[in-house]
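One structure is given here, and the rest of the page talks about it.
Along the sequence shown, residues carry numbers from 1.
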Amino acid sequence: MNLEPGDFLLVRTNHWASRLIRMGQRRRFTKGQSEWNHVAVYIGNGEIVEALTTGVVRTYASKYPAADVLPIKAPTFHFKNADSDLAMRANARDFALSCVGNEYGWLSILAIGINLLTGGGLVMGQSGSTICSGLEARCLERMGYNFNPWDPAEIMPADLAKRFRVALFLNA
């Protein structure tokens, strides 16, 4: 698949926190959607920007085994020509790069966990912090996506899998 800036990778990892994320997502999503616990923004030339527990970093997509990654092509919306499409993708890439060095969104993760357990609508966050899927959702906004009524900062990997009609199930 020929990825462009703004496209993304759904990733399945096996850290204890990754398993917890998948378990929580299963309360609201299908098994195929909830198997993905991480998202990385593709910025071009094999590079990604991702929010890890240590913060937002720029790195290479090749760090993940191909079997644990599903690349997602994210078309732009409201573009009039190829130049507009490129500009929207550049805007998404530039936004992702501007987030490098930000803190991880621990308050967002806490709010998402509480909402999954209670079905509530608690929203918490801290300026200058982000979670992996929230970072991609903000990039997608720059390509014409609208997540209303949900706060893009609290979008989960399974939300993106559902939106992009991912039905793939990976065996554990």
Side-chain angles (χ1 to χ4, degrees), residues 1 3 6-43 45-74 92 95-120 122-140 147 150-172:
M1 179 179 290
L3 293 179
D7 294 337
F8 62 98
L9 307 176
L10 286 172
V11 182
R12 184 175 195 267
T13 59
N14 282 312
H15 186 269
W16 67 267
S18 307
R19 291 189 297 273
L20 236 133
I21 290 167
R22 288 193 303 273
M23 184 176 66
Q25 290 181 138
R26 285 185 189 122
R27 294 181 58 85
R28 191 173 5 154
F29 298 95
T30 68
K31 196 163 189 173
Q33 296 159 348
S34 65
E35 286 306 303
W36 308 101
N37 58 274
H38 185 60
V39 179
V41 181
Y42 187 79
I43 60 168
N45 298 321
E47 289 185 282
I48 57 174
V49 172
E50 59 185 337
L52 303 172
T53 57
T54 55
V56 180
V57 298
R58 179 179 183 172
T59 187
Y60 289 94
S62 60
K63 73 184 247 183
Y64 294 110
D68 295 333
V69 174
L70 181 64
I72 302 291
K73 191 85 174 132
F95 175 77
L97 287 169
S98 76
C99 293
V100 171
N102 284 0
E103 293 179 13
Y104 187 72
W106 290 106
L107 287 177
S108 294
I109 284 291
L110 177 62
I112 289 169
I114 291 169
N115 292 340
L116 285 171
L117 289 172
T118 66
L122 178 66
V123 176
M124 288 190 297
Q126 180 180 352
S127 183
S129 69
T130 190
I131 61 172
C132 63
S133 45
L135 175 63
E136 176 58 27
R138 292 289 190 195
C139 289
L140 288 169
F147 291 96
W150 297 280
D151 180 355
E154 294 192 0
I155 294 290
M156 294 176 277
D159 286 312
L160 293 172
K162 182 178 181 179
R163 179 171 285 255
F164 287 88
R165 295 180 172 85
V166 172
L168 177 69
F169 170 71
L170 294 178
N171 292 319

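- Annotation for Tyr64 and Val11: closest pair CD2-CG1, 3.6 Å, computed over non-hydrogen atoms.
- Between Cys132 and Glu50 there is no side-chain heavy-atom pair separated by less than 4.5 Å.
- Going from atom CD1 of Ile43 over to atom CZ of Phe95 covers 13.5 Å, rounded to the nearest 0.5 Å.
- Here the CD1-OH distance, from Ile131 to Tyr104, works out to 6.0 Å after rounding to the nearest 0.5 Å.
- Contact check for Ile72 versus Leu160: no side-chain heavy atoms found under the 4.5 Å cut-off.
- Residues satisfying the side-chain hydrogen bond (donor to acceptor under 3.5 Å, both in side chains) test with Arg163, not counting sequence neighbours, are none.
- Atom CD of Gln25 sits about 9.5 Å away from atom CD of Gln33, to the nearest 0.5 Å.
- To the nearest 0.5 Å, the span separating CG on Leu52 from NE2 on His15 amounts to 11.0 Å.
- In plain terms, the two heavy atoms of Ala74 and Leu140 that are nearest each other are CB-CD2, 3.6 Å.
- For the pair Lys31 and Arg22, the minimum side-chain heavy-atom distance is 4.5 Å or more.
- Closest of all the heavy-atom pairs between Cys139 and Ala96 is SG-CB, 3.8 Å.
- Between Phe164 and Phe8, the two ring planes are perpendicular [angle over 60°; tilted spans 30° to 60°].
- At least one side-chain heavy atom of Arg19 sits less than 4.5 Å from a side-chain heavy atom of Trp16.
- Rounded to the nearest 0.5 angstrom, Leu9 CG and Glu136 CD are separated by 9.0 Å.
- A salt bridge is defined here as a Lys NZ or Arg NE, NH1 or NH2 lying under 4.0 Å from an Asp or Glu carboxylate O, and Lys73 with Asp7 meets this definition.
- Atom CG of Asn14 sits in a crowded spot, with more than 12 heavy atoms from other residues, nucleotides or ligands closer than 6.0 Å.
- For the atom pair Arg12 CZ and Trp36 CH2, the distance stands at 8.0 Å (nearest 0.5 Å).
- Scanning both residues, Ala92 and Gly6, for their nearest heavy atoms gives CB-CA, 4.1 Å.
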Worksheet item: Yes or no on side-chain hydrogen bond (donor to acceptor under 3.5 Å, both in side chains) for Thr13 and Asn37, after CA distance, side-chain angles and deciding distance?
Response: CA-CA 7 Å; Thr13 59; Asn37 58 274; 2.8 Å; yes
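- Residue Val39 is tested with Leu10, Ile155, Leu135, Ile48 for a side chain to side chain contact (heavy atoms under 4.5 Å, CB included); the sole match is Leu10.
- Between Val69 and His38, every side-chain heavy-atom pair lies at or beyond the 4.5 Å cut-off.
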